[in-house]
A.B. asks: 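Here it is: the structure, laid out below.
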Amino acid sequence: MKTDRQRKQTRSLLLKSPLQTRAELASAMQAALVEKFQREIPPVEVLPSRNLSFGDLACNSAMPLAGNLKRNPREIAKVMAEAISNKFPQLETVSVDGPGFLNITLSGEYLAEFTAAAASEGISQFIPADGKGKTALVEFVSSNPTGPLTVGHCRQAVLGDAISRLLEAAGWTVQREYYFNDAGRQMDKLAESLAARYRNLLGGSMEIPEGGYQGEYIKSWAEDLRKDKGDQLKWPEQKDLFRDYAGNRAFVLISDDLKLLGITFDRYFAESELIPDAVDAAIGLLEDKELVYKDSDDQRKLWLKLSEMGRPDDRVIRREDGTYTYRMPDIAYHLDKFQRKYDLMVDIFGSDHIDTCKDVETVLGVLLGKDRVSSSLRIILHQFVTLVRGGEKVKMSTRAGNFVTLRDLVNEVGSADVVRYLFLTRRAEAHMDFDLEVAAAENDENPVFYVQYAFARIAGILRKTTEMESQIVSDPARLLSLLTGERERDLMRLLETIPLRVSAAATALEPHRIPDLLAEVARAFHGFYQHHRVIDPENDQLTAARLTLCMAVRSTLNDMLTILGVRAPEKM
RNA sequence: GCCCCUGUAGCUCAGUAGGAUAGAGCGGCGGUUUCCUAAACCGUAGGCCACACGUUCGAAUCGUGUCAGGGGCGCCA
């Protein structure tokens with residue numbers, strides 16, 4: 001047994017993070033090329049091999065360089081190979097193949113050491129902390145408080161939360177924000193709809209207004225309102241009371257819906273906070289740049305000169321009655337965000353927002369500078385969800401009463417884990433068919449269970465052992481000598497790639513990559529499990545080594561499930 | 001008419017800052033359990049990456065065009 005001090009020494013010699021390893025290889029190769037050819041060389045890229053039979057890492061920089069240097073790409077690759085082979089303890093082999101590919105195999109010792117570290121300390125430490133010391137604001141859902149959340153909001157809620165968690169995994173400090181319009185006409189319609197239901201309860205006749213809300217939920221609010229306040233409420237005299245009551249009820253409804261998925265926000269930002277000061281200030285900025293003009297018929301009506309900023313049409317931003325259209329407070333809201341000085345702002349909207357998003361982004365670019373906006377604001381537009389039940393499309397109409405709510409969906413599927421996982425298996429900009437039967441099936445058709453089952457299997461093994469921490473094999477040479485199977489080695493190779501792939505997913509703001517990684521790890525683990533018995537009473541050494549590998553897998557699965565917000569179950 | 005997204009295996013989808021033989025799950029076919037959870041594993045079949053042209057040493061990936069599907073084009077949000 002090595003002492004802690006010795007172990008640390010070994011680690012400092014051998015265990016570099018996956019990122020460091022690749023960066024050192026790249027710069028050594030670049031330096032060698034500069035030395036050899038006596039000219040500037042663009043950075044060399046070390047990438048994961050597309051096909052593991054070629055090796056663990058690959059580099060194709062020799063080929064694009066061949067034209068510039070007027071050399072055979074294989075000759076260039078050879079220079080690069082010589083620069084690194086036998087110089088890095090993390091490497092096993094380096095070879096030049098095909099037209100000029102450089103293939104690199106990682107050493108068993110390095111992989112074993114990585115595995116041991118992952119087993120004892122987890123893998124999250126190896127995810128490059130790109131966001132360390134930086135703050136991000138993620139805005140999502142942002143549905144107006146007029147009724148329950150729909151399936152579309154559900155996708156957005158899950159997406160926004162996963163993006164937030166992914167950024168957190170990469171070291172960012174994330175604030176989740178929900179913006180809602182409480183000053184617009186929608187709230188008045190809602191109040192009037194409630195008043196109509198209230199009056200109907202009392203036998204009076206009052207129609208739900210044009211564009212109002214017909215959902216059954218408003219009937220129950222009306223009943224509650226009657227219980228609380230009696231029969232004597234007057235419309236429109238007590239309009240504010242109706243509006244506040246409806247708004248509050250809607251908010252409770254929405255936050256309950258979000259709770260079903262385990263999603264919470266750090267801040268709910270109300271449009272009314274921006275009116276009038278922030279909006280007036282924003283209009284002032286636009287006026288200074290002569291980007292607005294008054295309507296020829298009505299001086300109070302204000303237009304935004306979007307067509308002069310490269311957008312197709314000018315738009316009204318203030319109506320005759322002094323109220324604002326959607327775009328104006330949204331611009332003010334984003335100016336507020338920029339004033340709060342986040343390093344990154346992410347907006348998540350449904351694809352129906354495409355035009356307004358572009359308008360707002362364009363205006364921000366004019367007011368704040370295009371570079372500032374493009375470097376710190378990322379807008380993600382997700383496509384809609386089609387619900388399918390047994391091959392048949394489920395009709396979803398946003399018309400009154402006939403829409404599928406988030407709550408219905410979660411209840412029918414029966415599990416927030418499944419909803420989250422399945423929504424996150426497709427990229428945001430892809431249309432999604434969500435099959436309710438597959439989602440509700442508790443069998444092998446459901447990909448969530450495949451991953452969770454791998455975790456539960458490991459938990460089952462660990463329950464049968466005691467003092468598992470003390471059994472972790474931290475000496476890489478010993479670990480390597482015990483884990484000799486191909487599946488064991490492949491599993492270690494796979495685990496080593498995970499931190500950088502998680503990091504890449506975070507940079508791209510693409511949480512859909514995580515379910516793929518999870519399935520890959522689970523598959524490799526299930527294969528290993530089937531072919532190698534972990535607990536072998538006759539062989540303590542081997543048991544300890546395989547437990548170490550299991551612990552590393554466990555940590556990897558756990559960290560990635562956490563990013564998706566999906567439970568890692570001890571038992572299934 | 002204009003704008004956005006999509007078209008990859010029977011189905012649902014990954015893969016697109018160009019790279020070597022295009023991947024997975026489900027479904028199909030054939031196997032595996034005295035042993036840590038068979039919600040698992042192993043094997044096998046299945047593709048003109050919508051189509052055409054172009055750029056390139058090299059294209060599912062980039063460009064142009066065509067076709068097909070979804071969505072959006074309010075003084076709603």
Side-chain angles (χ1 to χ4, degrees), chain A residues 45 47 49-51 53-54 58-60 63-64 66-67 73 97-101 103 142-144 146 179-181 184-187 189 211 271 295 298 301-303 311-313 315-321 323-327 329-330 349-358 381-384 386 388 391 422 425-435 438 441-454 456-465 508 512-513 515-517 519-520 522-523 525-537 543 546-547 550 571-572:
Chain A
E45 276 192 307
L47 301 166
S49 285
R50 288 239 159 181
N51 186 331
S53 66
F54 292 127
C59 174
N60 57 35
M63 283 176 285
D97 300 304
F101 293 102
N103 288 319
S142 294
S143 166
N144 287 339
T146 56
Y179 174 72
F180 64 100
N181 300 90
R185 296 171 163 183
Q186 297 303 308
M187 296 306 293
K189 297 273 188 201
E271 179 191 11
D295 189 84
D298 189 320
K301 190 192 266 194
L302 215 51
W303 290 79
R311 297 291 302 154
D313 302 303
R315 302 278 184 179
V316 170
I317 51 172
R318 193 175 68 201
R319 306 182 187 95
E320 298 93 325
D321 65 2
T323 58
Y324 302 101
T325 63
Y326 173 66
R327 281 177 182 75
D330 211 33
F349 299 116
S351 60
D352 53 337
H353 279 63
I354 179 70
D355 282 309
T356 44
C357 276
K358 287 202 163 176
L381 295 170
H382 66 86
Q383 297 292 318
F384 290 123
T386 306
V388 178
L422 293 181
T425 53
R426 285 139 180 77
R427 47 195 214 289
E429 65 269 25
H431 296 274
M432 178 161 67
D433 282 347
F434 188 93
D435 192 318
V438 169
E442 294 196 8
N443 59 28
D444 55 8
E445 279 184 52
N446 200 318
V448 188
F449 297 125
Y450 185 80
V451 173
Q452 289 186 319
Y453 185 51
R457 274 183 148 176
I458 296 170
I461 296 167
L462 296 177
R463 272 196 296 277
K464 293 198 181 279
T465 62
H512 77 270
R513 300 187 194 188
D516 262 11
L517 298 182
E520 216 177 311
R523 186 160 42 249
F525 174 77
H526 284 309
F528 156 78
Y529 180 95
Q530 206 80 24
H531 291 84
H532 300 287
R533 204 175 158 73
V534 175
I535 298 169
D536 181 352
T543 300
R546 287 185 172 157
L547 276 176
C550 286
K571 277 186 185 174
M572 283 177 74

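Residue numbering restarts at 1 for every chain, and letters A, B, ... go by the order of the sequence lines. Atom set for the values below is all heavy atoms of this structure, side chains included, hydrogens, waters and symmetry mates excluded.
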A.B. asks: Output all residues satisfying salt bridge (charged side-chain N to carboxylate O under 4.0 Å, His left out) with R311(A), sequence neighbours left out; order by chain, then residue number.
C.D. replies: D355(A), D359(A)
A.B. asks: Between R426(A) and M432(A), is the side-chain contact (heavy atoms from CB on, under 4.5 Å) condition met? List the steps.
C.D. replies: CA-CA 7 Å; R426(A) 285 139 180 77; M432(A) 178 161 67; 3.2 Å; yes
A.B. asks: What nucleic acid atoms does H512(A) come within less than 4.0 Å of, heavy atoms only: base, sugar-phosphate, or nothing?
C.D. replies: sugar-phosphate
A.B. asks: What pairs of nitrogen or oxygen atoms, one from the protein and one from nucleotides 42-46 of chain B, lie under 3.5 Å apart?
C.D. replies:
from   : atom 1 : to      : atom 2 : distance (Å)
C42(B) : OP1    : R487(A) : NH1    : 3.2

A.B. asks: When the C1' atoms of G72(B) and C29(B) are compared, how many Å lie between them, rounded to an integer?
C.D. replies: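 Here C29(B) and G72(B) have their C1' atoms 46 Å from each other.
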A.B. asks: When you compare G23(B) with U8(B), how far apart are their C1' atoms, in angstrom units rounded to a whole number?
C.D. replies: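 Approximately 10 Å lies between the C1' atom of G23(B) and that of U8(B).
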A.B. asks: Between the protein and nucleotides 3-7 of chain B, which nitrogen or oxygen pairs come in under 3.5 angstrom?
C.D. replies:
from  : atom 1 : to      : atom 2 : distance (Å)
C5(B) : O2'    : E429(A) : O      : 2.3
C5(B) : O2     : H431(A) : NE2    : 3.2

A.B. asks: Would you measure the distance from the P atom in A45(B) across to the matching atom in U55(B) and give it in whole Å?
C.D. replies: 38 Å
A.B. asks: Taking atom C1' in both G7(B) and A50(B), compute the distance separating them and give it to the nearest angstrom.
C.D. replies: 6 Å
A.B. asks: Nearest-nucleotide wise, let me know which of T425(A) and N446(A) is further upstream toward the 5' end of RNA chain B.
C.D. replies: T425(A)
A.B. asks: Check for me: is Y529(A) stacked on A40(B) by the 5.5 Å centroid and 30° plane-angle rule?
C.D. replies: no
A.B. asks: Could I get the full list of side chain to side chain donor-acceptor pair (under 3.5 Å) partners for Y324(A), not counting sequence neighbours?
C.D. replies: D280(A)
A.B. asks: Mind checking D536(A) for me? I need base, sugar-phosphate or nothing, with any heavy atom below 4.0 Å counting as a touch.
C.D. replies: nothing
A.B. asks: Determine the interatomic distance between P on G15(B) and the same-named atom on G74(B); round to the nearest Å.
C.D. replies: 33 Å
A.B. asks: Determine the interatomic distance between P on C3(B) and the same-named atom on G43(B); round to the nearest Å.
C.D. replies: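 So the two P atoms sit 50 Å from each other.
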A.B. asks: Between protein and nucleic acid, restricted to nucleotides 58-61 of chain B and to nitrogen or oxygen atoms under 3.5 Å apart, what atom pairs and distances do you find?
C.D. replies:
from   : atom 1 : to     : atom 2 : distance (Å)
A60(B) : N6     : R50(A) : NH1    : 3.0

A.B. asks: Pairing of RNA chain B as dot-bracket, 5' to 3': ( ) intra-strand, [ ] crossing, | other strand, . unpaired, with Watson-Crick or G-U pairs under 3.5 Å?
C.D. replies: (((((((..((((.....[...)))).(((((.......))))).....(((((..]....))))))))))))....
A.B. asks: For nucleotides G27(B) and C11(B), find the distance between their P atoms and express it as a whole number of Å.
C.D. replies: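 About 15 Å, rounded to a whole number of Å.
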A.B. asks: Give me the distance, rounded to whole Å, that separates G71(B) from C49(B) when you measure between the P atoms they each carry.
C.D. replies: 28 Å
